[in-house]
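So the structure is just underneath, and the comments pick up after that.
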Amino acid sequence: MSQLFVVHPENPQPRALAQAAELLAKGGLLAIPTDSSYAVVARLDDKSAADNLRRLRGLDDRHHLTLLCRDLAEISHFAKVDNPQYRLLKMATPGPWTFILEATKEVPRRVSHPSRKTIGIRVPDQKVALALMEQVGSPLISTTLIPDGEDEPLNDAQEILDRYAHQLAAVVDGGPCPLQATTVIDLTGPTPEVQRRGSGDPATLGLS
């Protein structure tokens with residue numbers, strides 16, 4: 001059965017997050033709040049994590065998983081970023097944006113897109129998610145918690161616990177999240193391409 005950790009959304013209790021991080025270290029999946037919706041996360045170095053995330057969501061290996069990173073420096077370790085891309089990322093992070101970038105060798109093949117060798121990367125503007133990553137000490141693989149066959153993400157921690165009691169190691173309850181997806185921007189082509197419009201306004205980054 002899943003555990004439930006109720007934390008303060010602005011000042012999450014370190015002890016609860018340390019216990020949640022221990023469950024990740026043992027290979028568990030967690031549901032956590034972000035600045036767009038609840039997401040399911042796992043450790044990057046967990047060999048079965050990507051398969052487990054895709055299985056829970058009903059996704060194939062062509063669906064981009066996302067790395068939640070703590071800052072720009074961490075992004076550049078896991079994605080190839082040139083100067084124009086860096087300037088764009090600097091304007092946008094942290095915030096409700098997901099960027100598709102070419103993965104470095106630090107990203108396991110099982111996590112990146114099988115043919116494009118790309119990865120979704122973002123820095124969430126959400127204190128619970130960032131504090132958990134500090135406890136873990138590395139990025140987390142993530143995917144939005146949308147039940148298989150449904151269109152909307154879940155936003156209530158108790159409902160998540162009830163529906164995924166046997167698939168998640170724990171739910172971190174940081175209160176309700178915004179229910180608008182991130183804006184997805186592909187940076188792998190000659191010019192940035194907005195693939196999905198969400199809560200981030202592309203105009204603020206000089207994009208149409």
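What's counted below: heavy atoms across the whole structure, side chains too, no hydrogens, waters or symmetry copies. Sequential numbering from 1 along the given sequence is applied to the chain's residues.
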- Message: Rounded at 0.5 Å granularity, tell me how far CG in Asp173 sits from CD1 in Ile32.
- Response: 12.5 Å
- Message: Using the rule side-chain contact (heavy atoms from CB on, under 4.5 Å), only one of Thr98, Leu89, Leu205 pairs with Ile185; which is it?
- Response: Leu205
- Are side-chain N/O atoms of Arg196 and Thr182 paired as donor and acceptor at under 3.5 Å? yes
- State whether the side chain of Ser2 and the backbone N or O of Tyr164 hold a donor-acceptor pair below 3.5 Å, judged by distance alone. yes
- Query: Are side-chain heavy atoms of Leu132 and Phe5 found at a separation under 4.5 Å?
  - Reply: no
- Message: Go through it in stages, so that I can follow the logic: the residues are Asp35 and Arg122, the test is side-chain contact (heavy atoms from CB on, under 4.5 Å), and I'd like the CA-CA distance, side-chain angles, deciding distance and then a yes or no.
- Response: CA-CA 11 Å; Asp35 53 352; Arg122 77 184 192 97; 2.7 Å; yes
- Item | Gly28 to Ala169 - nearest heavy-atom pair and separation | CA-CB, 3.9 Å
- Message: Let me check something: do Val107 and Leu59 share a hydrophobic cluster, defined by ILVMFWY side-chain heavy atoms less than 4.5 Å apart, either directly or through other members?
- Response: no
- Message: Quick one, Phe99 and Val81 - any side-chain contact, counting heavy atoms below 4.5 Å?
- Response: no
- So do the side chains of Met133 and Pro124 get within less than 4.5 Å of each other, counting heavy atoms only? yes
- Answer whether the closest heavy-atom distance between the side chains of Arg163 and Pro147 falls below 4.5 Å. yes
- Is the closest side-chain heavy-atom distance between Leu145 and Leu56 below 4.5 Å? yes
- Item | Min side-chain heavy-atom separation Leu4-Gln158 under 4.5 Å | yes
- Message: Measuring from atom CZ of Arg70 to atom OG of Ser138, what distance do you get when rounded to the nearest 0.5 angstrom?
- Response: 7.0 Å
- Query: Just by distance, do the side chain of Thr143 and the backbone of Leu65 share a donor-acceptor pair under 3.5 Å?
  - Reply: no
- Query: Between Ile100 and Leu88, is there a shared hydrophobic cluster once you connect ILVMFWY residues whose side-chain heavy atoms come closer than 4.5 Å?
  - Reply: no
- Taking atom CD1 of Ile141 and atom CG of Leu44, what is their separation to the nearest 0.5 Å? 5.0 Å
- Note on the structure: In short, Tyr38 meets Gly175 closest at the heavy-atom pair OH-O, 2.8 Å
- Would you check if Asp51 and Arg110 make a side-chain contact, meaning some heavy-atom pair closer than 4.5 Å? no
- Considering all heavy atoms, the nearest Gly198-Thr183 contact: N-OG1, 2.8 Å
- Note on the structure: In this structure, CG of Leu179 is separated from CG of Asn155 (nearest 0.5 Å) by 4.0 Å
- Nearest heavy-atom contact between Lys127 and Glu10 is NZ-OE1, 3.1 Å
- Item | Over 12 non-hydrogen atoms of neighbours within 6.0 angstrom of CD in Gln13 | yes
- Message: Can a donor-acceptor pair be found, under 3.5 Å and without considering hydrogens, that links the side chain of Arg57 to the backbone of Thr144?
- Response: yes
- Nearest-0.5 Å distance that lies between atom CG in Leu101 and atom CG in Asp82: 9.0 Å
- Note on the structure: Heavy-atom nearest pair, Leu17 first then Gln135, reads CB-CG, 3.9 Å
- Message: When you compare the side chains of Arg116 and Thr188, does any donor N or O come within less than 3.5 Å of an acceptor on the partner?
- Response: yes
- Task: Under the side-chain contact (heavy atoms from CB on, under 4.5 Å) rule, what do Val136 and Arg43 come out as? Steps first, then yes or no, please.
- Result: CA-CA 8 Å; Val136 174; Arg43 286 182 63 103; 3.5 Å; yes
- Heavy-atom side-chain contact between Leu140 and Leu24 under 4.5 Å: yes
- Item | Interatomic spacing from CG in Leu187 to CD in Glu193 - rounded to 0.5 Å | 10.5 Å
- Query: Val184, Val40: one ILVMFWY side-chain cluster at the under-4.5 Å cut-off?
  - Reply: no
- If every non-hydrogen atom of Ile146 is compared with every non-hydrogen atom of Glu150, which pair is closest and at what distance? CG2-O, 3.3 Å
